[in-house]
Amino acid sequence: MTAPRDSASVPSPITESESFSNESLLSWARAESESLVRKTEDFVKRVFDPYRRRARSASTEFAVLAIGGFGRGELTPFSDIDLLILSDGTLDLSPAVNALWDSGRRPSPLFRTWQDLSREGIPDLHLATSLLSGRFLLGNPPSWREELVPMIRRSLPDFEKKLLAETRNRWREKAGRGFQQPDIRDGRGGLRDIQTWNWLHIVTGSPKPPEELKPLYDLLFAVRFLLHTVKPRLDNRFLLVDWSLLAERYPSLDPERLAHQVGRTLKEVSKLWEEVLEPSPLPERITLPRSRREFFSYALTEKPFSFPSLLRFLDQKSFLSEFLPEWSLLEGLVRNDPIHLFTVDEHILRAVEKAERLLKNPPAFLAKLPFPDSRDLLLAVLFHDFGKGRGKDHALESVRIAEELLPPDIVSRSRRQDLLFGIRNHMLLSLNAFRRNIDDPLLISRVAHEIGSLRRLSLLAYLTLADLHAVSPQMLTDWKMSLLERFVRRLARQCRTFLPPEDLARKVIEKRKDRVRRLISPEKVSALQRHFAMIDATYAFRFTPEHIARHLELIERAEKSGLAVDIEDFPDAGYTEFTVVTPSHEGLFCEIVAALTGRNLDILEATITTRTDDIAIDTFRVCNDRGEAVCDSARWQAVIKDLEQVFTGTIFLDELVRTRLSYARSNLPRKKGRKEEYHCRFDSPPDSPFIIVEVIGPDQPGVLYSIARAFRDCNISVSSAIVSTWEGFVVDVFYVARTPFENLGERKVEEILLESISRHV
């Protein structure tokens, strides 16, 4: 647990009227830090002075040295108080350490005897680097202070090797340069890297610290100090959630601009280290292009090295902006987007690298599509996010920049139009696959007409995969990959025929009907005919013939008992399919959500099908809180029992959710939701019988139930739901009936939704 800060450690805030220029920020942080150091130093001396006097009276040696950040004269409100305490080992110093804790400070004492240091020299890397920043406070000054560097060289002949290994390990563990939410102390390019560079120079004489490191260090330290004034805990990461904290306390501060400065600073420091730890795979003496046209021609021609490698090399050497001037605006650029793991420049480089790998080893579901031109794909991926950070539609801005920078004779006119189409629509497949009902023939027809050809679909599919992989290594789960694959396959079939939506629907229904007929007994054929006469093409698209055959059995059971359920586990895919067949009634979707939510099950997707005879076939794909299939029969029996009690009115919905979720809410470290943190978006596709409602906000237990409850209160029926969760945020998409929605209006529906979330979450 983090110790509380006493009044001496809390800095005075910058006034609202003061400009937040770099100069004012640095001078303020340095002055406040020096004040903390003075107060802490005075307190440490008072605490340890009795022990110094006691050691003097006993004729023993005793000394206290400030090391680490305290030794460098740098403290923040959450800094450790690093101390090296030298004694003969007979003094009980625990009361002094406890006094530091009691004051609200964070002591980090390192105890050594005089004999240890004189006999062993410097025994380990941690002590060596701590002493390099050491400062004597009180007691007997160590005689070896002037001989520290020779002692380190004698005691640790592999000092440089160990320090470089420690840096590599830290880079693997801490997010720094290239990450949207970097650790500015220990991450790649952070404060520790600059300190390490200086330690290497002091002990080995090389590398020579460049002059620009000092202002870079000062900026990172000032930002770390600033963050520690608003964070409620020890945390050296510059998180997106910190933006609102900074803006609230310091209204004159622009958190986005500051985050961009930090990103560029981390990158500048990293470039120095990358030449030592991660040298470019390209030869140093390559012939660099002399013009932009030569750059594109040179880059996209077969060479002993790849286009992504060339981009990395030019970026590391700070040459890339000479050929792509807008690149300098993207370096270290952070967007207030929790889905993206990397800064814009790093995301683009990773996307180009992934695109090249996809060209060499394409996924199986793209095998039937035309193979895209590698140059067009790499250029489209390179430019797809160039328009970010300009306050406009970044896709349209990216197209404008690509048109300006691409020489007209690099690609033919037709290929150039395809390339620009890919840049403009690089989010088309992912947005529709993950946030729309891909079983809707109208959607498939509309998107296929927008794409226009298999050639463009292929370019978009490769571009989408490269883009998603570069968003985050965990972005494309098996579930999302399956959605994208299904969507692309359907678009490919539609791009070959361009059937009208009604013909596409009729074809799908007939095809499904024929395949189901082979799975059932002859006496059930008449039931099959009635079933397909009462459902739509969305249902036929969504369910396999095996599913539909099972539905016929469930419908027969539900007509006798009023309720039939089916549970099928898909362990490899990480979900369980829960199907409820029952006579439809108002609020059915909300009741099923309550039963699942009450047992702490996460809902990934819901498909609501209601036949014209009011038999509902509601299918939910769910997982447990570890993202696994729910292979627990006792748990499912409890869900079914809860559902039966809800249907009969034995238990009320709010009571069910409140009592069942109390334990989950108390044990999940999630921030309490506020009404204004959730946002609603509405879409009304032409020719669609549904309104699409998106709800976006923090992921917390009970969010989906609160939304379903709001729809129930508004008498709005839900046709399908797609639930996505990422990095602590949800994007829940619902297809709802038009008539009651239009009667209420968007503003009223949004008001009821947000009020329900604030009441139930």
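Treat the numbers as computed from the prediction; the structure is a model and nothing was measured.
- Using a 4.0 Å cut-off between charged nitrogen and carboxylate oxygen, Glu450 and Arg424 do not count as a salt-bridge pair.
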query = Could you go step by step and tell me if Asp418 and Arg415 meet the salt bridge (Lys or Arg N to Asp or Glu O under 4.0 Å) rule?
reply = CA-CA 5 Å; Asp418 287 349; Arg415 284 176 42 216; over 6 Å; no
message = With side chain to side chain contact (heavy atoms under 4.5 Å, CB included) as the criterion, how do Ile757 and Val695 come out once you've worked through the C-alpha distance, each side chain's angles and the decisive distance to 0.1 Å?
response = CA-CA 10 Å; Ile757 292 173; Val695 181; 4.0 Å; yes
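- Leu601 pairs in a side chain to side chain contact (heavy atoms under 4.5 Å, CB included) with only one of the listed residues (Phe620, Phe578, Trp636), which is Trp636.
- Checked against the 6.0 Å centroid threshold, Phe734 and Phe711 count as a close aromatic pair.
- We find that Arg506 and Glu502 are not joined by a salt bridge, their nearest charged nitrogen and carboxylate oxygen being 4.0 Å or further apart.
- For the pair Gln180 (side chain) and Asp337 (backbone), a donor-acceptor distance under 3.5 Å is present.
- Salt bridge absent: Glu755 and Arg709 never bring a charged side-chain N and a carboxylate O closer than 4.0 Å.
- Sequence neighbours left out, the pairs with a member in residues 504-542 that pass ring pair (Phe, Tyr, Trp, His ring centres under 6.0 Å) are His531-Tyr539, Tyr539-Phe543, Tyr539-His551.
- By the 4.0 Å N-to-carboxylate-O rule, Arg489 lies close enough to Glu485 to be salt-bridged with it.
- Here ring pair (Phe, Tyr, Trp, His ring centres under 6.0 Å) pairs that include residues 555-576, with residues two or more places apart or in two chains, are Trp479-Tyr575, Phe570-Tyr575.
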task = Decide side chain to side chain contact (heavy atoms under 4.5 Å, CB included) for Arg436 and Asp683; before the verdict, give the C-alpha distance in whole Å, the side-chain angles of both, and the deciding distance to 0.1 Å.
result = CA-CA 11 Å; Arg436 292 295 180 265; Asp683 186 17; 3.5 Å; yes
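- The main-chain N or O of Asn437 is found under 3.5 Å from a side-chain atom of Tyr735 such that the two form a donor-acceptor pair.
- For the side chain to side chain contact (heavy atoms under 4.5 Å, CB included) criterion with Leu369, the lone passing option out of Leu457, Leu460, Leu459, Leu491 is Leu457.
- Under a 3.5 Å cut-off, the side chain of Asp373 and the backbone N or O of Arg375 do form a donor-acceptor pair.
- Note that CG of Asn624 and CG of Asn600 are 9.0 Å apart. Values are rounded to the nearest 0.5 Å.
- In this model, a donor atom of one side chain and an acceptor atom of the other lie less than 3.5 Å apart for His347 and Asp467.
- Checked by atom type and distance alone, the side chain of Thr582 pairs as donor or acceptor with a backbone atom of Gly562 at under 3.5 Å.
- The environment of CZ in Arg681 is sparse: at most 12 heavy-atom neighbours from other residues, nucleotides or ligands sit within 6.0 Å.
- With rounding to the nearest 0.5 angstrom, the CG atom of Leu476 is 5.0 Å from the NE2 atom of His469.
- Around atom NZ of Lys513, more than 12 heavy atoms belonging to other residues, nucleotides or ligands sit under 6.0 Å away.
- We find that Arg490 and Asp439 are joined by a salt bridge, their nearest charged nitrogen and carboxylate oxygen being less than 4.0 Å apart.
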request  = Kindly indicate, with the supporting measurements, whether the criterion side chain to side chain contact (heavy atoms under 4.5 Å, CB included) is fulfilled by Phe434 and Ile722.
outcome  = CA-CA 8 Å; Phe434 304 150; Ile722 305 166; 6.0 Å; no
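- In this structure a side-chain-to-backbone donor-acceptor pair under 3.5 Å is missing from Ser445 to Pro441.
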query = Are Glu556 and Arg530 close enough, and set up right, to give a salt bridge (Lys or Arg N to Asp or Glu O under 4.0 Å), and what steps lead you there?
reply = CA-CA 12 Å; Glu556 186 177 350; Arg530 289 197 307 274; over 6 Å; no
